[in-house]
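Reading through the structure tokens given below for one structure.
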Amino acid sequence: MKFLKLLIILVAFQVNAQQGGMWIPSMLQGMNESEMKSLGMKMTAQDIYDANNSSVKDAIVHFDGGCTSEIISPKGLLLTNHHCGYSAIQSHSTVEHDYLQDGFWAKDLASELTNPGMDATFIVSIHDVTNTVLEGVAQLASELEKQKKIQENISRIQTTFPKESWQENKIKTFYEGNQFILFVTETFKDIRLVGTPPSSIGKFGSDTDNWVWPRHTGDFSIFRIYANKDNKPAEYSKDNVPYTPKHFLPISLDGISEEDFTLVFGFPGRTQEYLPSNAVAQIVNTLNPAKIEIRDAALKVQDGFMRKDQAIKIQYASKFASVANYWKKWIGESKGLKKSNAITLKQNFEKEFATRIEAKGKQSEYGNLLAGFDKNYAAINDYALARDYFIEVVLRNAELLSQGFKLYQLEKVFETKGEQAFNDRKTNTLKAAEDFYKNYSVVVDEKVFEKLIVLYGEKSPLAPESLKTADFTKLTKEVYGKSKLTSYASLNELLKGDAKTVLKNLNKDSGYKLVKILADNFYKNIAPKYDAINLEISALQRNYMKAQLELFPDARYFPDANSTLRVTYGKVKGYSPTDAVYYQPVTYLDGIIEKYVPGDYEFDVPSKLIELYNNKDYGQYAENGKVPVCFIGTNHTTGGNSGSPAIDANGNLIGLNFDRVWEGTMSDIHYDPEICRNIMVDVRYVLFIVDKYAGAKHLINEMKLVHPKNKK
Ligand code: ARG
Ligand code: GLU
């Protein structure tokens with residue numbers, strides 16, 4: 001009996017111990033510290049976040065708004081993913097110096113490459129400002145007024161909260177609008193490229209291996225932050241010097257074993273963990289299938305051309321990768337949500353929720369929530385679907401339409417702001433168009449359009465009447481045969497003259513005319529209704545969150561990701577994707593050689609790497625004669641966590657987060673500790689490539705390599 005009790009406690013604890021969650025670094029002490037320690041952490045919460053002294057958080061950097069990076073030397077050396085540095089690396093590449101293909105290693109500070117427009121942001125301190133943000137809100141009657149008041153309070157606090165002149169205040173909302181937190185930030189603007197492996201290492205496996213375990217990608221690149229002479233942020237200058245950080249991560253050479261504690265520290269973008277069951281059903285049954293079908297059609301067409309034509313392959317490589325990334329993620333997400341019975345689990349939770357409302361006599365406060373969700377998710381269905389068709393077809397995948405939409409916005413600028421604003425906007429539009437058309441093939445786009453416009457006309461619930469009954473073949477000929485949006489030269493011609501002339505000509509263009517019909521329809525018949533219902537849903541969601549926190553006081557709820565700094569933690573752990581199959585948590589260089597397909601654009605391996613493998617020339621980076629490449633863990637991560645450091649029990653760097661496993665991509669909506677795993681590059685593989693492959697010893701010398709387990 002006693003044993004049984006103990007077992008129950010143990011089991012309950014175990015389940016709880018791997019629940020996932022993305023936690024606010026300044027609030028670990030009460031929420032997480034003891035659990036983290038029980039998982040093996042040797043640090044204190046204060047070692048991770050300390051408002052007054054340097055702590056691990058001072059080494060964590062938001063990289064160019066989208067990814068995460070970390071400081072790994074006292075001279076501002078910054079580690080992030082290869083796919084995060086990709087466009088910067090691409091921008092420095094020419095036919096003579098193709099750094100994407102060959103890699104790049106600056107031999108000294110003077111050879112590091114500047115990246116105009118790139119930035120890197122530190123979090124200086126974190127403050128809960130909920131009470132001040134909500135001042136004077138409760139007494140307001142309508143949701144619209146409440147939101148307006150909240151926005152006013154936010155702008156006021158952001159301007160008045162004490163900070164240094166070079167810093168910024170940013171307030172973000174947590175728990176669906178139940179909590180507001182202010183971040184004091186510091187943004188550096190002079191970020192230089194230091195080194196990157198070739199794509200055959202940094203992007204090894206490409207789209208075939210994307211979102212997949214076992215993985216063998218060396219997904220890293222190295223930058224450096226430069227500051228002015230006072231070590232403060234500054235625009236690029238040749239007089240800037242390497243930044244001296246408050247903290248940098250020591251790097252462990254002792255590696256990881258299954259069950260080791262891991263902590264991932266970064267800027268996860270967006271999760272939707274507290275959606276009601278009907279919202280999840282809508283994603284699985286309606287929205288994901290539509291988006292997947294559209295991208296599937298576009299990708300098939302592009303792939304067909306890319307395989308036949310080298311020039312098109314180069315033009316479309318980056319666009320294809322980014323469209324394919326979420327296409328593949330949504331397929332995995334839908335599968336995972338079904339397999340883990342997410343909808344049924346949510347329905348069961350909602351039954352329990354309703355029971356507790358009754359039991360606690362909270363009907364007047366919370367009794368309307370579930371019925372409200374039912375009503376509003378039913379009401380928003382067609383608008384949400386129509387909106388996704390518009391976004392995926394017009395804004396994203398039919399390129400002539402996307403280009404046309406920029407001109408639609410240009411026309412709106414004229415209508416709302418007049419001639420001067422129009423001319424400024426026109427200059428910018430043309431500049432962007434010049435870049436766009438470099439990677440545009442009208443032959444490819446016409447075929448994509450032909451497929452997608454049929455889907456739009458036949459399947460979008462709120463397509464314009466004229467499109468529903470259109471002859472799609474004729475329409476395609478009409479648009480692509482006559483429109484001037486098919487090349488930069490003809491677009492440039494079309495935009496000649498003053499605003500009046502331009503708009504007159506534009507409105508005669510067959511491509512533009514179609515864009516206008518679609519966009520007008522969207523702004524008149526779809527967006528306003530969608531926004532109105534969505535406002536209702538947000539209000540319900542906020543109250544639902546509040547109710548859960550109140551009615552389930554023992555559960556620990558983390559706030560959904562919102563691109564703010566978070567800590568997630570777990571263990572190195574394999575998983576079982578299907579019956580009878582178990583995946584080990586670590587991959588090795590041997591696996592790269594197994595996957596090697598000479599000359600293949602996804603699985604080629606550089607000869608230097610093969611040579612190192614054949615000679616077993618691994619230096620200090622091998623374990624039991626093998627070089628580890630990637631590993632997985634139970635850390636709860638999402639997009640934006642790319643480039644996040646994986647940190648050991650003592651605060652040393654052990655890896656670099658870059659992906660999740662296919663079976664667990666539904667973790668943005670429903671985290672299942674059984675199969676949700678994040679994928680990290682083992683930092684010893686990073687060091688091995690920098691040292692043995694690239695010969696960039698001077699970079700290794702800058703770092704602090706440690707042996708926390710005393711393994712040598
Ligand atoms: N799946 C990872 C992420 O979401 C890596 C993406 C890199 N791109 C690619 N198409 N392989 O960003
Ligand atoms: N690759 C993703 C990123 O760029 C991280 C992987 C994920 O979504 O978990 O942020």
Candidate pair Q302 and V323, rule side chain to side chain contact (heavy atoms under 4.5 Å, CB included), full reasoning: CA-CA 11 Å; Q302 292 176 355; V323 172; 5.6 Å; no
side-chain hydrogen bond (donor to acceptor under 3.5 Å, both in side chains) between N641 and S644, worked out: CA-CA 5 Å; N641 269 125; S644 298; 3.1 Å; yes
Side chain to side chain contact (heavy atoms under 4.5 Å, CB included) between V661 and I679, intermediate numbers included: CA-CA 7 Å; V661 304; I679 307 180; 4.0 Å; yes
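Below 30°, between 30° and 60°, or above 60°: for W211 and Y326 the angle between ring planes is above 60°, a perpendicular geometry. Note on ring orientation: taking the six-membered ring where Trp is involved, the planes of Y99 and F104 are tilted (angle from 30° to 60°). Using the six-membered ring where Trp is involved, F122 and Y243 have ring planes that are tilted, between 30° and 60° apart. Aromatic ring pairs are classed by plane angle as parallel below 30°, tilted from 30° to 60° and perpendicular above 60°; the pair F204 and H216 is perpendicular.
A salt bridge is defined here as a Lys NZ or Arg NE, NH1 or NH2 lying under 4.0 Å from an Asp or Glu carboxylate O, and K291 with E392 fails to meet this definition. Using a 4.0 Å cut-off between charged side-chain N and carboxylate O, K203 and E602 make no salt bridge. With respect to the salt-bridge test (charged N to carboxylate O, under 4.0 angstrom), the residues D672 and K339 do not qualify. Electrostatic pairing of R556 and E35 counts as a salt bridge here, judged by a charged N lying under 4.0 Å from a carboxylate O. The existence of a salt bridge linking D617 and K692 is confirmed by a sub-4.0 Å separation between a basic side-chain nitrogen and an acidic carboxylate oxygen. Between K300 and D303, none of the side-chain N atoms (NZ, or NE/NH1/NH2) sits under 4.0 Å from a carboxylate O, so this pair counts as no salt bridge. For the pair R224 and E702, the salt-bridge criterion is met [side-chain N within less than 4.0 Å of a carboxylate O]. The existence of a salt bridge linking E663 and R677 is excluded, since no basic side-chain nitrogen approaches an acidic carboxylate oxygen closer than 4.0 Å. Remark: K328 does not engage D207 in a salt bridge, criterion side-chain N to carboxylate O under 4.0 Å.
Side-chain contact, T121 with T185: no donor N or O sits under 3.5 Å from an acceptor N or O. Between the side chains of H92 and N115, at least one donor N or O lies within less than 3.5 Å of an accepting N or O. Checking H707 against D254 by side-chain atom types alone, a donor-acceptor pair falls below 3.5 Å. With hydrogens and angles left out, the side-chain atoms of N81 and Y86 include no donor and acceptor closer than 3.5 Å. Donor-acceptor pairing under 3.5 Å is lacking for the side chains of R566 and T638. Side-chain N/O atoms of S334 and N288 include a donor and acceptor closer than 3.5 Å.
At least one donor-acceptor pair closer than 3.5 Å links the side chain of D604 to the backbone N or O of G599. Judged purely by atom type and a 3.5 angstrom limit, S199 has no side-chain atom pairing as donor or acceptor with the backbone of Q101. No donor-acceptor distance shorter than 3.5 angstrom exists from the side chain of D102 to the backbone of H97, with no hydrogens or angles considered. Distance alone, capped at 3.5 Å, is enough to place a donor-acceptor pair between the D64 side chain and the D119 backbone. With hydrogens and angles disregarded, a donor-acceptor distance shorter than 3.5 Å links the side chain of Q315 to the backbone of K438. Remark: the backbone N or O of I689 is not paired with any side-chain donor or acceptor of D691 at under 3.5 angstrom. Put simply, the side chain of N652 never gets that close to the backbone of I647: no donor and acceptor are under 3.5 Å apart. A distance-only check finds no donor-acceptor pair linking the side chain of E168 to the backbone of E186 [under 3.5 Å].
Two residues are said to be in side-chain contact when any heavy atoms from C-beta on lie closer than 4.5 Å; F183 and T564 meet this criterion. Side-chain atoms of F603 and V605, non-hydrogen and from C-beta on, never get closer than 4.5 Å to each other. Considering only heavy atoms from C-beta on, D668 comes within 4.5 Å of K329 through its side chain. Proximity of M41 to I48: side-chain heavy atoms (C-beta onward) are separated by under 4.5 Å at one or more points. For the pair P233/K189, no side-chain contact is recorded, criterion being any heavy-atom separation below 4.5 Å from C-beta on. Residues P74 and T244 have side chains not in contact (no heavy-atom distance under 4.5 Å, counting atoms from C-beta outward). R215 has its side chain within reach of N210: a pair of non-hydrogen atoms, C-beta onward, lies under 4.5 Å apart. Put simply, the side chain of I222 reaches to within 4.5 Å of the side chain of L77, judged on heavy atoms.
Cation-pi check for R192 over Y226 is met; the charged atom lies under 6.0 angstrom from the ring centroid and within 45 degrees of its normal.
Residues forming a ring-ring contact (aromatic ring centres under 6.0 Å, His included) with Y575 (at least two apart in sequence, or on another chain): Y583.
Taking the ring centroids of F267 and H62, they lie under the 6.0 Å cut-off.
Between S667 and the options R660, E273, E333, a side chain to side chain donor-acceptor pair (under 3.5 Å) holds for only R660. For the side chain to side chain contact (heavy atoms under 4.5 Å, CB included) test with M680, the passing option among D659, I256, L656, N635 is N635; the others fail. Evaluated for a side chain to side chain contact (heavy atoms under 4.5 Å, CB included) with T262, the options I654, N678, N657, D648 yield exactly one hit, I654.
By the neighbour-count criterion of 12 heavy atoms within 6.0 Å, atom NZ of K335 is sparsely surrounded, having that number or fewer from other residues, nucleotides or ligands.
Among all heavy-atom pairs drawn from I191 and A120, the shortest one is CD1-CB, 3.6 Å.
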